[in-house]
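Comments concern the structure below.
Heavy-atom basis, side chains included; hydrogens, waters and symmetry copies ignored. Residue numbers start from 1 in every chain, and the chains themselves are labelled A, B, ... in the order their sequence lines are given, proteins ahead of strands.
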Number of protein chains: 2
Amino acid sequence: MSKSEYLAGYDPRAYPAVAVTVDVVALTIIGGVLHVLLVERGEPPYAGRWALPGGFIRPGEDLDQAALRELSEETGMTDRVHIEQLASYGAPDRDPRMRIVSVSYLAFAPDLPDPQAGSDAADAAWYGIDNLPKLAFDHERILGHALERARAKLEYTPLATAFVGETFTISELRRVYESVWGVPLHAGNFHRKILSVPGFVESTGETTESGGARGGPRAKLYRAGDARLLHPALLRPEREEEIR
Amino acid sequence: MSKSEYLAGYDPRAYPAVAVTVDVVALTIIGGVLHVLLVERGEPPYAGRWALPGGFIRPGEDLDQAALRELSEETGMTDRVHIEQLASYGAPDRDPRMRIVSVSYLAFAPDLPDPQAGSDAADAAWYGIDNLPKLAFDHERILGHALERARAKLEYTPLATAFVGETFTISELRRVYESVWGVPLHAGNFHRKILSVPGFVESTGETTESGGARGGPRAKLYRAGDARLLHPALLRPEREEEIR
DNA sequence: AGAATAGTGTCTATCAGACACTATGTC
DNA sequence: GACATAGTGTCTGATAGACACTATTCT
């Protein structure tokens, strides 16, 4: 069959159906450690294995809507949730049931409630990023890509404010960066840097009710500013190993 | 129907089929101007309208493979082509025929041959980025996202070397940046900056056969180095308007 | 000769990071 | 009192960008 015949006669409806799913990498910070939301699968394939929450898109539903729905089914949250699309995965054998193309999403939220298991999941829980179980499908790869994206976006967008409350201190913001990047940052320099980026944070004029748990003065409170990009960016410390 | 019943009974095969396509934003530089590959649609919907090259994924084919196939059908090129995935688009009404989720790809190549129209396309041509026709579907949106991604990736990856030949001069590389970013750059500072980024380019020891068309000394030739990330990055000049 | 280009020298304002220090709070 | 934290001062090395200049090659 020539290329022309192949193309002219190609009709997707003549082939086995393709299904499209969304998989959500939902991140939050618990006790200073980055956590990801996982569900324990109740049905084959991979029954009993942990996986990213996700599911099939429904008729009339846009991809973003599907991701937000899947997330709210597990967490109940729809407010103050930042969600954005990541990559899509379509290896022919990535799901043993049928051809499935999955669109992955990244979500961030502050102090999330305990997750609720959906009916297709036996359980749902937040897992510390350094304490992950083996995941179903190609979800480890998806999670890896999502983490790298999250780390990079902290550098040049005000994304970190999505991990904290409506108002926050500079130290709280610093702990977000430290948790996601996994490196300690210099408190003094970080403080100055944040305040020097136009539109990143704006002062509320208030301070915390009391000092820190282990002492220290009351900290000034800030809220997210109107910047969509940070300029100059907050660059991660040198990562020589990633360059080549 | 409760959430549980809905989820437990949900079977994608019970719903109208979803089709998955790939759409490729292929960029090259012709005469110092960034160009994008477009095809003129031969069949409804949008017959006669220009669109991004693309098509349905085939059984057994990964997404990346599908994108490369679509690109080679129009250009005949498979070598020295950089291709990478961008976003996916799945608005329920983005194609009038049926539910179609499209995965977009970005491709770059140097001095491409004239495009060949596939049988599903009436024509194929390179369009200057400032001289585009009205596009079919949501392809203007896809193209906009692709351009922004390409511009950003020039900053922190050696992607520019994908637009030039195997060996190139620093000036050729500068013209890539100027074409894609659409701004003039300072030749002297650019030169020094490129050579200061470890692994971006490496000298071949050769020079051009002759000086430039309008005079000037022979330029040293370089080839792409082994860096995957540029550090420090080559930042675009200030873009105040994009920050908020 | 005149013009354009390759490549280098140099200066300045800015910035990241190191270090130090004060003030304020908790235990 | 001991200790941790918030926030600021200051210094240094690196860098981006402006400007200048020389050498080379084309028309």
Side-chain angles (χ1 to χ4, degrees), chain A residues 32 154-156 164 167-178 181 183-198 200-222 229-240 243, chain B residues 32 154-156 164 167-178 181 183-198 200-222 229-240 243:
Chain A
L154 281 195
E155 292 191 314
Y156 61 93
V164 292
T167 66
F168 50 86
T169 67
I170 301 294
S171 291
E172 284 170 357
L173 203 56
R174 174 166 49 82
R175 276 184 273 275
V176 171
Y177 277 89
E178 290 176 331
W181 286 350
V183 296
L185 299 175
H186 186 287
N189 290 340
F190 181 86
H191 195 108
R192 188 181 5 237
K193 174 79 183 177
I194 295 297
L195 297 184
S196 77
V197 178
F200 192 177
V201 300
E202 58 186 33
S203 177
T204 65
E206 312 274 303
T207 69
T208 50
E209 299 275 316
S210 63
R214 286 180 287 183
R218 299 179 182 182
K220 290 179 187 161
L221 286 169
Y222 297 84
L229 293 173
L230 304 186
H231 190 83
L234 285 89
L235 300 177
R236 276 171 281 184
E238 300 293 337
R239 292 159 291 143
E240 196 66 44
I243 291 178
Chain B
L154 281 195
E155 291 190 314
Y156 61 93
V164 293
T167 66
F168 50 86
T169 67
I170 302 294
S171 292
E172 285 169 356
L173 203 57
R174 175 166 49 82
R175 276 184 272 278
V176 170
Y177 278 88
E178 290 176 331
W181 285 350
V183 297
L185 299 175
H186 186 287
N189 289 340
F190 182 86
H191 194 108
R192 186 181 6 238
K193 175 79 182 175
I194 295 298
L195 297 184
S196 78
V197 178
F200 191 178
V201 299
E202 58 185 33
S203 176
T204 64
E206 312 275 301
T207 68
T208 50
E209 297 276 314
S210 63
R214 285 180 290 184
R218 298 179 183 183
K220 290 179 188 163
L221 286 169
Y222 297 85
L229 293 174
L230 304 185
H231 190 82
L234 285 88
L235 300 177
R236 278 171 280 184
E238 300 295 335
R239 292 160 291 143
E240 195 65 44
I243 292 178

- prompt: Taking for each residue the nucleotide of DNA chain D with the nearest heavy atom, is it B:Glu209 or B:Leu235 whose nucleotide lies nearer the 5' end?
  reply: B:Leu235
task: Assign B:Ser171 to base, sugar-phosphate, or nothing according to its heavy-atom contacts below 4.0 angstrom with the strands shown.
output: sugar-phosphate
- request: From the options C:dA6, D:dA6, D:dT8, select the nucleotide whose nearest atom is closest to the side chain of B:Arg175.
  value: C:dA6
Whole-Å gap separating C1' (D:dG13) and CG (A:Asn189): 14 Å
message: Side-chain N or O of B:Arg218 versus OP1/OP2 of C:dG7: is the shortest distance under 4.0 Å?
response: no
query: Can a donor-acceptor pair under 3.5 Å be found between the side-chain atoms of A:Arg214 and the base atoms of C:dT24?
result: no
- prompt: Considering only side-chain heavy atoms of B:Pro217, which listed nucleotide, D:dT24, C:dG17, D:dG17, is closest?
  reply: D:dT24
message: How many whole angstroms separate atom CD1 of B:Ile170 from atom P of C:dT5?
response: 16 Å
- request: Work out which heavy atom in B:Leu185 is nearest to a heavy atom in B:Arg174; give both atom names and the distance.
  value: O-CD, 4.2 Å
message: Whether the side chain of A:Arg192 and the base of D:dT10 hold a donor-acceptor pair under 3.5 Å is what I'd like checked.
response: yes
message: Without decimals, in angstroms, what is the distance between B:Leu173 CG and C:dG7 C1'?
response: 15 Å
- request: Could you pick out which residue, A:Gly215 or B:Gly188, lies toward the 5' side of DNA chain C when each is mapped onto its nearest nucleotide?
  value: B:Gly188
